[in-house]
Amino acid sequence: MQRYFINQNADESQRFFITDKEDMHHIKNVMRHSEGHKIVITFNDKNVYTCKITNISDQNIELELIEKQEINTELPQHITICSGLIKADKYEWMIQKATELGASEFLAVEMDRSIVKLNNAKISKKLERWQKIIKEAAEQSYRLTIPQINYLSNSKAICDIIIQYDYVLVAYEEQAKHNENSHFKNMLKQFKPQDRVLLIFGPEGGLSDEEVSMLKSNSQLVGLGPRILRAETAPLYALSALSYEKELMG
């Protein structure tokens, strides 16, 4: 069954309404659902219910909660992917796949070597488009939350938020070039449930020397294996490794 999000907490004594125009269009015109059909709704409190459509109008779609689903599809840690801006199609692909892999939040940053530059007129439109991509990926992958994305105009702004995290790891290609491949693994083993982790990745040209110097006093520089990964691949590698260590290995 198709899944959708509602920005309310679940309550079995109430009926709920889908009012998001895109969701309504998808339900009515793409999936061609009608009254009596069932869909799955994920609520703000991470409760998931099979719901029955009881009424469809031009203003909303009314739902009745039928059965609660016991699922947990979130990573044990809150993972923020902080990455330099890269070419649009590659960045959109990365945030889509990183959402599927469990990222909790995204920070898009104009770094020293970012080829892509956003002016003030483009930022809001880009964030709106990126948030839509993330929402659709969260629905497709049965996530319990929709990751949020924010924009930072320069890498110095990262230093202002580092204090919010339990761990800060910087993916640094020089570590890989020097065959350092154990530090990232050892750091993953230290993560505890509910830890907040900031993973920082550079743009196509990598992090500048100035950015590395700025970040390394408050973070851990780690290599991601023996191969040099593309900017859009590195976050997915890190999330996959984390999932393997913390979910599959238990």
Side-chain angles (χ1 to χ4, degrees), residues 73-86 90-91 93-109 111-114 137 141 143 147 149-150 152 155-250:
T73 55
E74 296 302 305
L75 284 173
Q77 290 75 34
H78 182 285
I79 308 298
T80 298
I81 300 296
C82 174
S83 57
L85 287 177
I86 57 178
K90 294 180 179 180
Y91 189 76
W93 180 82
M94 186 275 286
I95 60 175
Q96 180 191 60
K97 301 310 174 188
T99 298
E100 295 175 21
L101 288 168
S104 302
E105 184 182 8
F106 296 95
L107 296 174
V109 187
M111 293 184 174
D112 293 346
R113 293 176 177 170
S114 291
S141 56
R143 292 288 303 275
I149 186 165
N150 292 291
L152 300 178
S155 53
K156 292 180 180 178
I158 301 171
C159 296
D160 297 331
I161 63 170
I162 280 179
I163 195 173
Q164 301 174 18
Y165 296 90
D166 299 296
Y167 294 93
V168 180
L169 276 59
V170 179
Y172 187 40
E173 64 182 33
E174 293 301 319
Q175 300 291 96
K177 289 178 181 178
H178 290 90
N179 296 318
E180 193 292 301
N181 56 19
S182 63
H183 192 36
F184 180 55
K185 178 176 65 176
N186 293 334
M187 292 300 300
L188 292 183
K189 293 181 182 296
Q190 296 180 33
F191 296 169
K192 300 181 296 296
Q194 308 307 316
D195 275 346
R196 294 177 59 83
V197 181
L198 178 65
L199 303 179
I200 302 175
F201 305 87
E204 284 98 342
L207 296 165
S208 68
D209 292 341
E210 292 76 12
E211 287 170 330
V212 173
S213 297
M214 176 183 64
L215 294 169
K216 69 180 181 180
S217 60
N218 294 306
S219 65
Q220 300 287 329
L221 302 182
V222 298
L224 300 180
R227 291 163 292 280
I228 304 303
L229 304 176
R230 290 181 181 271
E232 67 272 25
T233 309
L236 308 184
Y237 177 96
L239 286 166
S240 298
L242 191 150
S243 174
Y244 180 80
E245 175 65 33
K246 293 303 180 182
E247 294 182 308
L248 299 187
M249 295 296 290

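All figures in this text were calculated on a predicted structure; none of them were measured in a lab.
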Enquirer: Any chance you could measure Glu232, atom CD, to Tyr91, atom OH, to the nearest 0.5 Å?
Expert: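 Result: 12.5 Å between the selected atoms.
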Enquirer: Nearest heavy-atom pair of Phe201 and Ala238: which atoms, and what distance?
Expert: CZ-CB, 3.9 Å
Enquirer: Under 3.5 Å, side chain of Gln77 to main-chain N/O of Val197, donor-acceptor pair present?
Expert: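 No; zero donor-acceptor contacts below 3.5 Å.
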Enquirer: Are Ile86 and Trp93 side-chain neighbours, meaning at least one heavy-atom pair lies under 4.5 Å?
Expert: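 No, their side chains stay 4.5 Å or more apart.
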Enquirer: Give a yes or no on whether Gln194 atom CD has more than 12 heavy-atom contacts from other residues, nucleotides or ligands under 6.0 Å away.
Expert: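 No - once you tally the heavy atoms of other residues, nucleotides and ligands closer than 6.0 Å, there are 12 at most.
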Enquirer: Taking salt bridge (Lys or Arg N to Asp or Glu O under 4.0 Å) as the test, write out the residues that go with Asp195, two or more places apart.
Expert: Lys192
Enquirer: Measuring from atom OG of Ser155 to atom CG of Leu207, what distance do you get when rounded to the nearest 0.5 angstrom?
Expert: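 If I round to the nearest 0.5 Å, the distance is 8.0 Å.
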Enquirer: Quick one, Val212 and Leu221 - any side-chain contact, counting heavy atoms below 4.5 Å?
Expert: yes
Enquirer: Between Ser243 (side chain only) and Ser240 (backbone N and O only), is there a donor and an acceptor less than 3.5 Å apart?
Expert: no
Enquirer: Report, one line per pair, each donor and acceptor closer than 3.5 Å where one atom sits in a side chain of residues 98-108; sequence neighbours left out.
Expert:
unit_1	atom_1	unit_2	atom_2	d
Thr99	OG1	Ile95	O	2.7
Ser104	OG	Ile79	N	3.3
Glu105	OE1	Thr80	OG1	3.0

Enquirer: Just so I know, are the side chains of Ser114 and Met111 near enough to count as touching, which here means a heavy-atom distance under 4.5 Å?
Expert: yes
Enquirer: Provide the closest heavy-atom pair for Phe184 versus Ala241 in the form atom of the first, atom of the second, distance.
Expert: CE2-CB, 3.8 Å
Enquirer: How many angstroms lie between CD1 in Ile162 and CG in Asn218, if you round to the nearest 0.5 Å?
Expert: 5.0 Å
Enquirer: Could you give the distance from CE (Met187) to CG (Leu242), rounded to the nearest 0.5 Å?
Expert: 11.0 Å
Enquirer: If you compare all heavy atoms of Ser83 against all heavy atoms of Met94, which two are closest, and at what distance to 0.1 Å?
Expert: OG-CE, 3.5 Å
Enquirer: Rounded to the nearest 0.5 Å, how far apart are CD1 of Ile158 and CD of Glu211?
Expert: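 One finds 7.0 Å between CD1 of Ile158 and CD of Glu211.
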Enquirer: So, are Glu74 and Arg143 salt-bridged, with charged N and O less than 4.0 Å apart?
Expert: yes
Enquirer: Can you list the residues that meet the ring pair (Phe, Tyr, Trp, His ring centres under 6.0 Å) rule with Tyr167, with sequence neighbours excluded?
Expert: Phe191
Enquirer: Nearest 0.5 angstrom please: Asn186 CG to His183 NE2, how far?
Expert: 8.0 Å
Enquirer: Side chain to side chain contact (heavy atoms under 4.5 Å, CB included) with Ile200: which of Leu169, Val109, Leu215?
Expert: Leu215
Enquirer: Could you report the tightest heavy-atom contact between Asp112 and Ser208, atom names first, then the distance?
Expert: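 Between these two residues, the closest heavy atoms are OD2-OG, 2.6 Å.
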